[in-house]
Amino acid sequence: MAQFQTLPGFREFYPEDLARRNHIFRLWRQTAHAFGFAEYDAPVLEPLDLYRAKSGDEIEGQLFSFTDKGGREVALRPEMTPTVCRLVGAKASALKRPVKWFSLAEFFRYERMQKGRGRCFHQFNADIFGEPGPEAETELIALLVQCLCAFGLTEQDFYVRLSDRNLWFYYLEALGLDEARIRAVLGAVDRYEKYGDDAFQGYAELFGPLDPALKAQVLAFLQIKSLGALEQALAAIGGDKLAARLADWKKLLGGLDAMGLARFVEVDLGVVRGLAYYTGFVFEAFDRKGELRALAGGGRYDDLVEKLGGPALPAVGFAIGDMTFALLLEQRGLTPALVSAPDVYAVIGGPAERRAAFADIHALRAAGFRVEYPFRELAFGKQFKAAAESGARLALIYGGDELAKGVVKIRDLTDRSEREVPRDQAVVAVRDLLAGA
RNA sequence: GCGGUCAUAGCUCAGUUGGUUAGAGCACAAGAUUGUGAAUCUUGGGGUCGCGGGUUCGAGUCCCGUUGGCCGCCCCA
């Protein structure tokens, strides 16, 4: 048995595990439909260059990549964003906008396993293309919140931190920093929560120590936790670009507030999301207790479709991973008990009765009922025990006495009442009994 | 890539300073029970003790290596 084991970091889904996963997928899918998002899927295997183009050569170390028999460099997809950008980009002129798409898909990353992270995982991805304004962010953050609330999670359990890469960029620009320095400062901002002052070491190595006055302004901006504080900070600086960003912030937070979702969202400029391709709002969802890694993350990436060979097309998206999310549900006791019981269990007297029983069993199944029966001849006592253990609502009894009378006996396993119905009315009787209770 | 820790039946675990043929509970299966229910009793299947090497008269137990799990660091699209 130990001869062949699962590859490290990969998961096997036994029926109970798959039932849990399906439950999560079912609610995500339902929620996305309610928001008017259309589902798509795409290949698991993609050209390696698709990811190099988006993230640079160093990404290769994190990929399951190899050369196929045709000499092509390929990789198992580590994320959906480049793929969906290609799909939308290829048909951009034919798609009605805004394009609202989602997917449920499996991804692969060659990484060390940790709590909430494996080498394969599933993500719910949702993206909106063709909408440059904050209305798209409003829609997506509302969808993100509802994707978690659908399971019974509340604002006590999770929250969404909202930030803005462009705002940072314009702000630092206004403070007189050039692009290279701005990127280095953003790197420090991203790490500040974890490393404190040490986060600025990377900047110091490149450009020397950051001017103390500038650093104080960066840290003050980093501490901003409300729209009011943001407005105040920006008023002191002025400028059209910052004013436009502030207007977008007001629109986004106002929209979420009108939906009753303000309690889930916190202004937090400490979120930068390392990746350089984000161009505006960025957001991440976390558990309130701060025990788990990020539940979900996303943001605006207006340049990516064009960078990957499509037309210029604004875009926003986010993804929820299944592993951390399942951990949170588990922690909060929101993993539902699995009910998987047949509707009917057939109790069969012997070989002669089996023929009659099979006819009805198949007719019931064709009518959509879930029916079980014992494969081998068993004593009646055993069969009733098996019927009770199966969780079936009804037992259909095919014995010599019943068949001689042309009837089948139906026993309600919940109240132990019994009745006899003519064989040709078995399907109707089962339907009535199951519907009636 | 680095560090810590663990590995005995399908699951949870016991196993004495190293000592006979490695155990229990749960789960699974058969019988008691050939027309009516979760009980009870009896019985059974299942382990190269993760894998490989070493020390020893003798290793589940001690040593080395290796693989894998878990936790953390780096990274995190």
Base, sugar-phosphate, or nothing: which does [X] touch, judged by heavy atoms less than 4.0 Å apart?
X      : result
A:R77  : nothing
A:Q114 : base
A:M113 : sugar-phosphate
A:G317 : nothing
A:G400 : base
A:Q62  : base
A:P8   : sugar-phosphate
A:E402 : base

Nucleotide nearest [X] when distance is taken to its side chain, options [options]:
X      : options                : result
A:I397 : B:rG31, B:rG35, B:rC75 : B:rG35
A:L413 : B:rA77, B:rG37, B:rU36 : B:rG37
A:K382 : B:rG37, B:rG35, B:rG31 : B:rG31
A:A379 : B:rG31, B:rA77, B:rU34 : B:rU34

- prompt: If each of A:L63 and A:G116 is mapped to the nucleotide of RNA chain B with the nearest heavy atom, which maps nearer the 5' terminus, i.e. the 5' end?
  reply: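 The 5'-side residue here is A:G116.
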field: 5' precedence on RNA chain B between A:F10 and A:T414 (nearest-nucleotide basis)
entry: A:T414
Strictly by Watson-Crick or wobble contacts shorter than 3.5 Å, is anything paired with [N], and which nucleotide is it?
N      : value
B:rG23 : B:rC13
B:rC73 : B:rG1
B:rG44 : B:rC28
B:rC49 : none
B:rU36 : none

Decide yes or no, distance alone: a donor-acceptor N/O pair under 3.5 angstrom between the base of [N] and the side-chain of [X].
X      : N      : result
A:R411 : B:rG37 : yes
A:E418 : B:rU36 : yes
A:R112 : B:rC75 : no
A:K409 : B:rU36 : yes
A:R117 : B:rC75 : yes

Show me the side-chain donor-acceptor pairs of residues 14-22 of chain A shorter than 3.5 Å, one per line, residues at least two apart or across chains.
unit_1, atom_1, unit_2, atom_2, d
A:D17, OD1, A:R20, NH2, 3.4
A:D17, OD2, A:Y14, N, 3.1
A:N22, ND2, A:L18, O, 3.4

query: Using centres under 5.5 Å plus planes under 30 degrees as the test, is A:F380 stacked with B:rG35?
result: yes
Quote, to the nearest angstrom, the [atom1] distance that separates [N] from [M].
N      : M      : atom1 : value
B:rA22 : B:rA38 : P     : 37 Å
B:rC64 : B:rG47 : P     : 31 Å
B:rG69 : B:rA32 : C1'   : 44 Å
B:rG3  : B:rU17 : P     : 33 Å

[X] with [Y]: basic N within carboxylate O range, under 4.0 Å:
X      : Y      : result
A:R11  : A:D322 : yes
A:K54  : A:E79  : yes
A:E418 : A:R411 : yes
A:K405 : A:E420 : yes

Rounded to the nearest angstrom, tell me the gap between atom [atom1] in [X] and atom [atom2] in [N].
X      : N      : atom1 : atom2 : value
A:R109 : B:rA77 : CZ    : P     : 7 Å
A:E389 : B:rG37 : CD    : C1'   : 9 Å
A:R293 : B:rC70 : CZ    : C1'   : 14 Å

message: Under a 3.5 Å distance rule, please check whether A:R77 uses its side chain to pair with a backbone N or O of A:P82 as donor and acceptor.
response: no
- request: Would you check if the distance from the ring center of A:W249 to the ring center of A:F281 is below 6.0 Å?
  value: yes
